[in-house]
Amino acid sequence: MSGSSNGFRRRSVRIPDGVDLHARPAGLLVRVAAQQSAAITLHANGRDADATSILQVLALGATGGSEIEIEAAGGNASAALDAIAALIETLS
Amino acid sequence: MPSAPGIVLVSHSAKLAEGLAAMAREVCGPDVVLVAAGGGPDGTLGTDGSRVAEAIRRADQGAGVVVLADLGSAVLSVKACLADGAADEADVMLADAPLVEGAIAAAVAASIGADAAAVRRAAEEAWDVRKL
């Protein structure tokens with residue numbers, strides 16, 4: 001199984017300048033997170049968010065140019081990390 | 001894929017309910033049926049039990065319906081509507097949540113495969129998530 005890596009993965013990604021993690025992209029992020037086999041948690045501004053809770057994701061208050069740390073636990077954590085990181089890094 | 005729970009938004013204001021439904025659709029995508037039930041019988045500010053009942057019927061896709069209401073008599077209208085059996089054919093739950101935050105949370109939860117009970121819980125989580 002290529003790309004499979006059970007366990008726990010963590011990565012920091014930067015939100016593109018000038019793009020905040022506002023409601024519409026947060027909704028997209030939640031839908032992508034819900035499709036993953038891993039449980040995904042986001043950290044920013046000293047807060048934690050379950051990536052499948054839109055209210056928690058919005059409450060991060062993550063703004064353009066800032067870093068978000070993504071943690072994926074269980075399932076295919078590596079694939080989950082890649083999917084969420086790609087989404088955040090290409091927000092426009 | 002089985003259908004998602006439907007969501008009904010009850011407000012004293014038709015504009016508020018419709019605007020919120022549009023906002024929630026923008027965030028949750030096209031797969032969730034959101035029905036606005038705002039305003040009184042004559043188009044004034046108020047609530048209308050028959051409009052709520054009709055909205056519940058329209059929102060019911062077979063996976064249950066979660067209803068959110070703004071304040072006071074909107075909540076009472078929904079409870080009266082459910083007590084009357086006006087929407088008996090649907091499996092309906094009234095969520096105890098702030099309307100805007102609850103609607104967005106409910107709509108997104110419904111879009112990712114949550115059942116009606118989990119959609120209601122997502123709406124009610126709004127009490128616990130601070131904005132600041």
Side-chain angles (χ1 to χ4, degrees), chain A residues 15 19-64 66 68-77 79-84 86-88 90-92, chain B residues 1-7 9 16-34 36 63 66 68 70 95-132:
Chain A
I15 301 176
V19 186
D20 298 337
L21 191 50
H22 49 73
R24 195 180 301 124
L28 182 60
L29 189 151
V30 168
R31 278 178 276 150
V32 171
Q35 291 165 0
Q36 309 303 315
S37 57
I40 301 166
T41 309
L42 306 176
H43 307 278
N45 296 322
R47 290 182 171 215
D48 304 331
D50 171 348
T52 62
S53 163
I54 181 126
L55 297 179
Q56 291 184 31
V57 172
L58 290 172
L60 291 171
T63 52
S66 69
I68 289 191
E69 189 175 68
I70 312 162
E71 284 179 6
N76 194 336
L81 214 56
D82 288 345
I84 298 297
L87 190 153
I88 292 173
T90 59
L91 286 177
S92 59
Chain B
M1 182 179 154
S3 61
I7 297 170
L9 306 176
L16 197 161
E18 285 159 13
L20 180 57
M23 185 174 154
R25 275 184 211 111
E26 192 75 30
V27 178
C28 79
D31 298 331
V32 179
V33 177
L34 283 142
V66 176
L68 292 101
D70 60 5
D96 180 2
L99 182 62
V100 174
E101 294 85 344
I104 301 295
V108 172
S111 78
I112 61 174
D115 64 16
V119 168
R120 178 191 190 173
R121 282 196 300 278
E124 294 179 350
E125 186 199 9
W127 295 117
D128 301 321
V129 181
R130 308 294 306 184
K131 294 179 192 180
L132 298 177

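Naming convention: chains lettered A, B, ... in sequence-line order (proteins, then strands); numbering from 1 in each chain. Keep in mind that this is a model prediction, so the values were computed, not measured.
- Closest heavy-atom contact between A/Arg47 and B/Lys131: NH2-C, 4.3 Å.
- Considering every non-hydrogen atom in both B/Ala105 and A/Leu55, the closest pair reads CB-CD1, 3.6 Å.
- Closest heavy-atom contact between B/Arg130 and A/Ala59: O-CB, 3.4 Å.
- Residue B/Val27 comes nearest to A/Arg24 through the heavy atom pair CG2-N, 4.4 Å, listed as atom of the first residue, atom of the second, then distance.
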